[in-house]
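This report refers to the structure that appears directly beneath it.
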Amino acid sequence: MTQQTRTDDPFADLNQPSLWSGINAYRSDPLIVDLTSALPRSIREDLEQMGRFVTSHEAQELARMANQGVPQLRTHGPRGERLDVVEFHPAWHALMRRSMASGLHSSIWDAQADPEAKGQSHKVRAARFYLTAQLECGHLCPLTMTSASVAAMMASPAVQKDWAPRILSRKYDSSNKPAMQKTAVTIGMGMTEKQGGTDVRANRTTADKVSDGIYRLSGHKWFMSAPMSDAFIMLAQTKDGMGCFLVPRLLEDGSANGLHFQRLKDKLGNRSNASSEVEFTDTFGFLLGAPDGGIRTILDMVTLTRLDCALASAGIMRASLAEAVHHARGRSVFGKMLVSQPIMTRVLADMALDVAAATALAFRLAEAFDKASGSSEDAAYARVMTPVAKYWCCKIAPALIYEAMECIGGSGYIEERPIARHYREAPVNAIWEGSGNVMALDVLRVLNRGRDLFETVFAGLARDLGPAGKKTIEVLRAAMALCEQDEGAARLLVEQMALAAGAAELYRLGAGKIADAFIETRLAGGWRATYGMLDARFDASYIVDLLYPPAT
């Protein structure tokens, strides 16, 4: 099918398709509609409204301006006094205001947020997060950290009691005031140091006990995102070992808490969001958990942020490919529409399979988070598959978005299109919250503690894969055995698990033909380096039209 060209479009005669704007990102996505079909009607109506907003001209302009008007650091005032404030474009605040009103920073902790969707808070938030990622990902960083921070605060009920009410608030407050004087707060994170990087046990920041639960920190953080957050989750060495702390940016009297921002990072992407280097001395923080249990405490937070990385990657892949398919349906090449050129159709269909599997996998993980407390199968899935989903969804995004850009051609390689922003954004989710190797090592860590969790996950995958299950699980067990002998083979296991789990979820959702094409080209096919490798057994036009329905 081809999309009808609007007669009032002055570029129609120039063979220039209309921009992918004003198309409901929720309603035009059959997979997300199916994934959320069991949610209450009120939530689905909210998702429809959000789907209309994220592709609107107004919203796209906010995203553009927030990324062009990058944050600015003011270290000192006119009298030489320390300011240590970061100024953001008004568009950033507009995006933050809307997303906080949607509860992206708090809804999984708020029993009153969506009472009609009890037991599905992660899935509901996942749908909202996935749609918002298709608009702008930079402002999602502080919202991700704020939401996940509550998991770390739960290690110290007194701290949670003081801070949770302001985290649950949906009234965005960007004022530079002490946290307890604000209507709502956001929380950042500082883990990475110059000498340690991923190896946080090598961190040199120190924490000396002042009184029960209160410590004085001194040191630095090489990467601290969202520096205008009201507090930060940090790791520091105590005399007992590595501790985890909540460090306010301002003290109760409004004075600075010793955090001196050195500079903002000049990043490839994620430009609307500020990331800073910070040094500090005599900075007060609240201990979260045991003074030697900091890594365990902060990992509870990191687990949640890894889910968001997978969801955001799936979201920006969906938006990029939707833009490419829309363009191909509106452009004529060599006498027929570009989308109907066989080689282009197969490229688009091949990418559509990956986006569908990544989306299904990320949502399955969110569902496991919802059910983990009452289901051993889902608890095992959440523990084993979090690093797997984070690894694969984030790893494939840059190449896929580039290929979508190439489908558009030269006009895809310009800053005016959202896809340029998506492409710059794509690598960060694979790097933040644990790189690919860290995810692979995390999977091995679980494996080394016993196979029970893996066997539980494999049983579920075999059930959902149907006839393909037995052979696929044999392959996964062989990869597991290899990893037990050779740590360097970890990525083989992780990727195979991701592909199997993505296919299993597509089968479970009833997308049999899509799942067949995915599993046969990914797990049963030969080695592939680029997209467009579907053979004639699979109906490429069917795949594209099913997952990206033509506009009516």
Side-chain angles (χ1 to χ4, degrees), residues 141 144 148 189-203 221-223 225 235 242 265 267-270 275 294-296 298-314 317 354 357-358 361-362 365 381-402 425-451 453-454 457 475-476 478-502 522 527-529:
C141 178
T144 285
M189 180 192 292
M191 291 178 64
T192 305
E193 296 189 3
K194 298 176 185 178
Q195 77 291 336
T198 297
D199 184 10
V200 294
R201 294 184 186 277
N203 283 4
K221 297 298 173 183
W222 184 236
F223 259 95
S225 285
L235 294 176
M242 185 69 71
K265 300 291 191 179
K267 296 172 295 184
L268 168 68
N270 199 251
S275 298
I295 293 178
R296 182 172 61 253
I298 208 166
L299 281 178
D300 290 337
M301 176 180 180
V302 168
T303 296
L304 292 173
T305 63
R306 288 173 177 171
L307 169 60
D308 281 4
C309 286
L311 287 166
S313 293
M317 284 192 286
D354 269 357
L361 181 58
L365 183 59
Y381 195 98
R383 179 62 189 95
V384 172
M385 296 304 297
T386 295
V388 172
K390 198 272 188 188
Y391 174 97
W392 186 70
C393 294
C394 301
K395 188 68 68 180
I396 66 172
L400 187 141
I401 296 172
Y402 154 70
E425 192 74 31
V428 73
N429 287 321
I431 296 171
W432 281 359
E433 312 303 346
S435 64
N437 283 346
V438 173
M439 295 301 95
L441 291 173
D442 191 28
V443 171
L444 291 190
R445 188 176 300 111
V446 181
L447 178 60
N448 290 336
R449 293 174 180 174
R451 288 183 168 221
L453 293 179
F454 282 82
V457 171
V475 172
L476 295 181
M480 253 176 37
L482 177 61
C483 288
E484 289 175 327
Q485 304 299 320
D486 178 12
E487 180 182 286
R491 286 190 175 210
L492 294 173
L493 173 61
V494 174
E495 181 159 317
Q496 293 291 303
M497 288 183 66
L499 296 174
R522 271 65 175 172
W527 187 81
R528 298 149 41 91

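These numbers were taken from a predicted model, which means no experiment stands behind them. Hydrogens, waters and symmetry mates play no part in the numbers below; they use all other heavy atoms, side chains included.
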Notebook entry, point to check: Got a sec, which residues hit side-chain hydrogen bond (donor to acceptor under 3.5 Å, both in side chains) with N203, two or more places apart in sequence or on another chain?
Noted result: none

Margin query: According to side-chain hydrogen bond (donor to acceptor under 3.5 Å, both in side chains), who are the partners of T192, at least two apart in sequence or on a separate chain?
Written below: none

Checklist line | C394 to C309 - nearest heavy-atom pair and separation | finding: SG-O, 3.5 Å

Note to self: Checking R528 now: which residues fulfil salt bridge (charged side-chain N to carboxylate O under 4.0 Å, His left out) with it, not counting sequence neighbours?
What the structure shows: D350

Note to self: Restricting to side-chain hydrogen bond (donor to acceptor under 3.5 Å, both in side chains), what partner residues turn up for T386, sequence neighbours left out?
What the structure shows: none

Checklist line | With V475 via side-chain contact (heavy atoms from CB on, under 4.5 Å) - residues at least two apart | finding: Q496

Check: Okay, side chain of K267, backbone of V428: is any donor-acceptor separation there less than 3.5 Å?
Finding: no

Margin query: Can you list everything that forms a side-chain contact (heavy atoms from CB on, under 4.5 Å) with A440? Sequence neighbours excluded, please.
Written below: A490, R491, V494

Margin query: Suppose we screen for salt bridge (charged side-chain N to carboxylate O under 4.0 Å, His left out). Which residues come up paired with E484, at least two apart in sequence or across chains?
Written below: R451

Note to self: Tell me every residue that passes side-chain contact (heavy atoms from CB on, under 4.5 Å) with L268, counting only those two or more places apart in sequence or in another chain.
What the structure shows: P427

Notebook entry, point to check: Residues two or more places apart in sequence or in another chain: which of them pass salt bridge (charged side-chain N to carboxylate O under 4.0 Å, His left out) with K265?
Noted result: E277

Notebook entry, point to check: What residues form a side-chain contact (heavy atoms from CB on, under 4.5 Å) with R445, not counting sequence neighbours?
Noted result: D442, R449

Next item on the list: Quick one: list whatever passes salt bridge (charged side-chain N to carboxylate O under 4.0 Å, His left out) with E193, sequence neighbours left out.
Entry: K221

